Amino acid sequence: GQTYEILKMPSYCLFYYSVARCLRPNDSRMIIATGETLEKLERKSDAIKCYWKAGGTALYKLASLYENSNEKDKAAAAFSDFINRAASLPDADSNPDLSHAYKFLANYYLTKNKLKLAHSAAQKCQGYPETREEGKNILKQIAALTKGRACDD
């Protein structure tokens with residue numbers, strides 16, 4: 001399967017990954033590889049099923065797939081699950097996928113007007129160099145919104 005992946009022949013790759021999954025149905029590496037191949041073949045709904053089944057680190061891939069498919073609510077749920085699982089790992093601070101997940105959630109909650117959740121996610125963004133500036137900008141937007149609310153009351 002990997003050989004055909006390198007050769008950019010996803011249909012053959014899918015066949016061999018499917019055989020491997022029959023031999024080891026609970027091997028998350030094969031499930032994720034199958035999902036990635038299905039994505040390349042534009043079979044997104046099947047890829048989503050694989051990522052859900054694999055769980056764990058595949059949640060990030062699932063969330064990204066939902067994000068790219070403009071299914072924001074599902075992406076937010078998957079990113080939240082990913083953060084909950086990944087945050088407990090010892091190397092969580094160095095995981096660049098977490099920074100993207102926090103950035104997505106900060107923007108998502110901001111658009112949903114859930115300012116406390118947006119504030120929390122934006123603060124987490126500041127802990128990563130790649131999302132620090134965006135986190136600051138979101139916090140400024142939240143401050144402006146909450147200031148405007150205080151004046152209205």
Side-chain angles (χ1 to χ4, degrees), residues 1-10 13-14 17 20-21 26-150:
Q2 289 176 329
T3 302
Y4 285 114
E5 189 173 345
I6 291 168
L7 294 172
K8 297 185 185 329
M9 299 174 75
C13 180
L14 181 62
Y17 284 149
R21 282 187 55 212
N26 296 321
D27 187 342
S28 64
R29 294 172 301 163
M30 287 301 107
I31 297 170
I32 292 169
T34 303
E36 290 171 344
T37 303
L38 288 166
E39 250 187 284
K40 290 174 188 168
L41 292 169
E42 300 293 322
R43 293 174 52 187
K44 293 184 189 222
S45 63
D46 292 328
I48 287 169
K49 291 174 189 173
C50 284
Y51 293 148
W52 270 120
K53 182 173 180 166
T57 57
L59 286 173
Y60 180 80
K61 291 183 176 293
L62 176 66
S64 296
L65 187 58
Y66 280 138
E67 180 182 10
N68 294 334
S69 300
N70 209 28
E71 295 184 60
K72 304 294 183 196
D73 295 335
K74 291 179 180 179
F79 275 129
S80 293
D81 286 348
F82 169 72
I83 287 171
N84 290 337
R85 289 185 189 201
S88 64
L89 298 175
D91 62 343
D93 294 337
S94 62
N95 187 340
D97 295 339
L98 276 172
S99 67
H100 179 79
Y102 285 124
K103 181 179 82 167
F104 176 87
L105 288 174
N107 284 307
Y108 173 79
Y109 290 133
L110 184 62
T111 61
K112 296 290 185 181
N113 210 24
K114 296 181 176 183
L115 300 182
K116 287 182 181 179
L117 293 170
H119 186 273
S120 176
Q123 282 186 314
K124 296 282 190 179
C125 286
Q126 291 187 307
Y128 300 91
E130 59 270 17
T131 55
R132 186 170 291 134
E133 287 303 313
E134 184 142 8
K136 286 180 185 177
N137 290 335
I138 293 169
L139 289 172
K140 286 178 187 176
Q141 291 177 38
I142 293 168
L145 288 170
T146 55
K147 182 180 178 184
R149 286 184 180 171

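Along the sequence shown, residues carry numbers from 1. Being a predicted model, the structure only gives us computed values, none of them experimental.
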S.K.: How long is the gap from CG on L65 to CD on E71, to the nearest 0.5 Å?
M.R.: 8.0 Å
S.K.: Could E130 and K103 be called an ion pair, given the rule that one side-chain N must be under 4.0 Å from one carboxylate O?
M.R.: no
S.K.: Any heavy-atom pair between the side chains of N107 and Q141 that's under 4.5 Å?
M.R.: no
S.K.: Are the side chains of I83 and L105 in contact, using a 4.5 Å heavy-atom criterion?
M.R.: yes
S.K.: Identify the two heavy atoms, one from A63 and one from A75, that lie closest to each other, and give their separation to 0.1 Å.
M.R.: O-CB, 3.6 Å
S.K.: If I compare all heavy atoms of R21 with all of C50, which pair ends up nearest, and what's the gap?
M.R.: NH1-SG, 4.0 Å
S.K.: Find out whether F79 and H100 are in side-chain contact, i.e. whether some heavy atom of one side chain is under 4.5 Å from a heavy atom of the other.
M.R.: yes
S.K.: With a 4.5 Å cut-off on side-chain heavy atoms, are P10 and R43 touching?
M.R.: no
S.K.: Calculate, to the nearest 0.5 Å, the distance between atoms CD1 and NZ belonging to I48 and K74 respectively.
M.R.: 6.5 Å
S.K.: Under 3.5 Å, sequence neighbours excluded: what are the donor-acceptor pairs made by side chains of residues 28-38?
M.R.:
from, atom 1, to, atom 2, distance (Å)
R29, NE, D27, OD1, 3.2
R29, NH2, D27, OD2, 3.0
T34, OG1, M30, O, 2.7
E36, OE2, K61, NZ, 2.6
T37, OG1, A33, O, 2.9

S.K.: Using the ring-ring contact (aromatic ring centres under 6.0 Å, His included) criterion, which residues pair with Y66? Sequence neighbours excluded.
M.R.: none
S.K.: Angle between ring planes, F82 versus Y60, binned at 30° and 60°: parallel, tilted or perpendicular?
M.R.: tilted
S.K.: Nearest 0.5 Å, please: how far is CD in E39 from OG in S64?
M.R.: 8.5 Å
S.K.: If you look at every heavy atom in T131 and C125, which pair is closest and at what distance?
M.R.: OG1-O, 2.8 Å
S.K.: Between K72 and F104, what is the shortest heavy-atom contact and its length?
M.R.: O-CZ, 3.8 Å
S.K.: If every non-hydrogen atom of S99 is compared with every non-hydrogen atom of P96, which pair is closest and at what distance?
M.R.: OG-O, 2.6 Å
S.K.: I142 and L115: which non-hydrogen atoms are nearest, and at how many Å?
M.R.: CD1-O, 4.1 Å
S.K.: Could you grab the distance from atom CG of L59 to atom CG of N84, nearest 0.5 Å is fine?
M.R.: 10.0 Å
S.K.: With a 4.5 Å cut-off on side-chain heavy atoms, are E5 and K40 touching?
M.R.: yes
S.K.: Would you sort out whether Y109 and H119 count as a ring pair (Phe, Tyr, Trp, His ring centres under 6.0 Å), showing the intermediate values?
M.R.: CA-CA 9 Å; Y109 290 133; H119 186 273; over 10 Å; no
S.K.: Are N68 and K44 close enough that some pair of their side-chain heavy atoms sits under 4.5 Å apart?
M.R.: no
